[in-house]
Number of protein chains: 2
Amino acid sequence: MKRMTDRQLRSAFNAAGLRLTRQRLLICRELAGRYDHPDVEHLYRAVKPRMRQMSLFTVYRTMNALESAGMAWRVATWKGHARYDGNVETHAHFLCEKCGRIDNVAAHDACREMASQAQKCVEGSVRRVEMMIVGECVACQTAAAGA
Amino acid sequence: MKRMTDRQLRSAFNAAGLRLTRQRLLICRELAGRYDHPDVEHLYRAVKPRMRQMSLFTVYRTMNALESAGMAWRVATWKGHARYDGNVETHAHFLCEKCGRIDNVAAHDACREMASQAQKCVEGSVRRVEMMIVGECVACQTAAAGA
DNA sequence: TTATGTGCAAAGGGTTTGCCTATAC
DNA sequence: GTATAGGCAAACCCTTTGCACATAA
């Protein structure tokens with residue numbers, strides 16, 4: 001999600017037919033400030049201390065709403081957990097299969113190529129493009145070598 | 001999975017420390033003959049009539065084994081179902097968010113670019129690259145327009 | 001022969017849904 | 001004021017695991 005004032009965020013929500021509640025505002029702010037592509041559980045744990053009555057269910061529902069509105073992307077599933085990204089522009093990720101770490105990747109050329117080609121390659125409509133490099137991160141490689 | 005004789009398939013399994021059982025053979029053959037990226041349930045339904053004692057659990061375990069061995073890829077998750085592909089070369093997919101249809105996509109240039117760049121873009125090791133175009137297929141667009 | 005895989009049942013765990021209350025518009 | 005969202009609990013459903021038996025090597 002791009003840097004937005006509360007007012008801009010409210011407009012974005014309303015344009016999507018959604019209301020901007022205090023819970024949703026807090027979740028959006030948390031997601032926008034993160035680059036680790038958190039799952040629902042992590043978002044909940046980060047946000048709960050700042051709002052006592054925040055519930056895990058609300059985070060689930062908020063993420064579904066954001067995804068439907070195109071304001072956030074479900075970028076991967078790791079060990080059954082959905083992982084989210086507030087950055088809704090075509091960009092690539094690296095997923096470590098061992099620890100689940102997801103990094104942004106600067107594969108600009110490939111992303112440009114894919115973004116520009118996507119619509120020509122398919123019959124239907126294109127909503128977004130996901131590019132993921134799957135492997136093992138350095139930390140896990142080091143740990144495995146040491147063990 | 002490439003076209004293989006039973007003998008070649010057995011060698012591939014054994015090289016991965018796996019045994020080629022009648023169940024696994026049947027599942028592999030089914031997966032190799034499909035281009036719709038089936039989930040476990042669909043594989044099971046296709047294979048069950050040809051082997052009475054085949055169990056759903058075995059399909060789950062077989063797919064996990066194939067994935068670990070790099071003989072099949074879990075290419076997407078749709079509505080909580082893991083979807084599999086026997087073709088383990090870098091290629092792109094189109095996923096229809098409405099109906100879950102997954103097609104192969106001929107985005108050769110982008111795939112080549114991504115495959116050649118991937119290792120340069122990340123610190124860790126690269127196991128595979130997934131490229132997915134997400135949108136709505138023509139059938140669903142038509143259905144929506146007609147409704 | 002012996003480690004590996006299968007079948008079954010039951011548990012596990014992330015996610016969704018129904019209902020009532022609270023709140024954004 | 002009214003439709004929408006939150007809170008809670010219970011249900012859902014895909015998937016995994018433990019154990020005894022079967023089987024590939």
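Reminder, nothing fancy here: chain letters follow the sequence lines and each chain counts from 1.
- If you measure from atom CG of B:L25 to atom P of C:dT6, you get 12 Å, rounded to the nearest angstrom.
- Taking B:R83 as the reference, nothing meets the salt bridge (Lys or Arg N to Asp or Glu O under 4.0 Å) condition, with sequence neighbours excluded.
- For residues 7-53 of chain A, the pairs satisfying ring pair (Phe, Tyr, Trp, His ring centres under 6.0 Å) are A:H37-A:H93, with sequence neighbours left out.
- Contacts with DNA chain D (heavy atom under 4.0 Å) in residues 11-20 of chain B: B:N14, B:R19, B:L20, listed by number.
- Taken residue by residue, residues 57-70 of chain B places heavy atoms nearer than 4.0 Å to DNA chain C at B:F57, B:T58, B:R61.
- Proximity of a side-chain donor or acceptor of A:T58 to a complementary backbone N or O of A:M54 within less than 3.5 Å is not detected.
- For the salt bridge (Lys or Arg N to Asp or Glu O under 4.0 Å) test, no residue two or more places apart in sequence or in another chain qualifies with A:R19.
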Walk me through whether A:K120 and B:D109 qualify under salt bridge (charged side-chain N to carboxylate O under 4.0 Å, His left out).
CA-CA 12 Å; A:K120 298 174 198 159; B:D109 292 348; over 6 Å; no
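- Using a 4.0 Å cut-off on heavy atoms, none of the residues of residues 27-56 of chain B approach DNA chain D.
- Between A:T21 and B:H81, the residue anchored nearer the 5' end of DNA chain D, judged by the nucleotide with its closest heavy atom, is A:T21.
- Within the structure, every pair that satisfies the salt bridge (charged side-chain N to carboxylate O under 4.0 Å, His left out) test and touches residues 46-59 of chain B, not counting sequence neighbours, is listed here: B:E30-B:R50.
- Cluster note: B:V75 groups with B:W73, B:V88 through ILVMFWY side-chain heavy atoms spaced under 4.5 Å, whether in direct contact or through intervening members.
- With sequence neighbours left out, the salt bridge (Lys or Arg N to Asp or Glu O under 4.0 Å) criterion links B:D103 to B:R101.
- Between B:M63 and B:I27 the shortest side-chain heavy-atom distance falls below 4.5 Å.
- Dashed line: the shortest gap from a side-chain N or O of A:R24 to OP1 or OP2 of D:dG6 is under 4.0 Å.
- In this structure, the salt bridge (Lys or Arg N to Asp or Glu O under 4.0 Å) partners of B:R127, at least two apart in sequence or on a different chain, are A:E97.
- No salt bridge links B:R74 with B:D39; every basic N to acidic carboxylate O contact stays at or beyond 4.0 Å.
- Distances shown here put a side-chain N or O of B:Q23 below 4.0 Å from the OP1 or OP2 atom of C:dG7.
- For B:Q119, the side chain to side chain contact (heavy atoms under 4.5 Å, CB included) partners at least two apart in sequence or on another chain are B:V122, B:V126.
- In this structure, A:E41 places its CD atom where more than 12 heavy-atom neighbours from other residues, nucleotides or ligands lie under 6.0 Å away.
- We find that CZ of A:R22 is positioned 13 Å from P of C:dC25, with the value rounded to whole Å.
- Taking 4.0 angstrom as the limit, B:R10 places a side-chain polar atom (N or O) nearer than this to OP1 or OP2 of D:dA25.
- Each end of the helix from C:dT1-D:dA25 to C:dC25-D:dG1 gets its own rotation axis from five pairs of C1' atoms, and the angle between them is 50° to the nearest 10 degrees.
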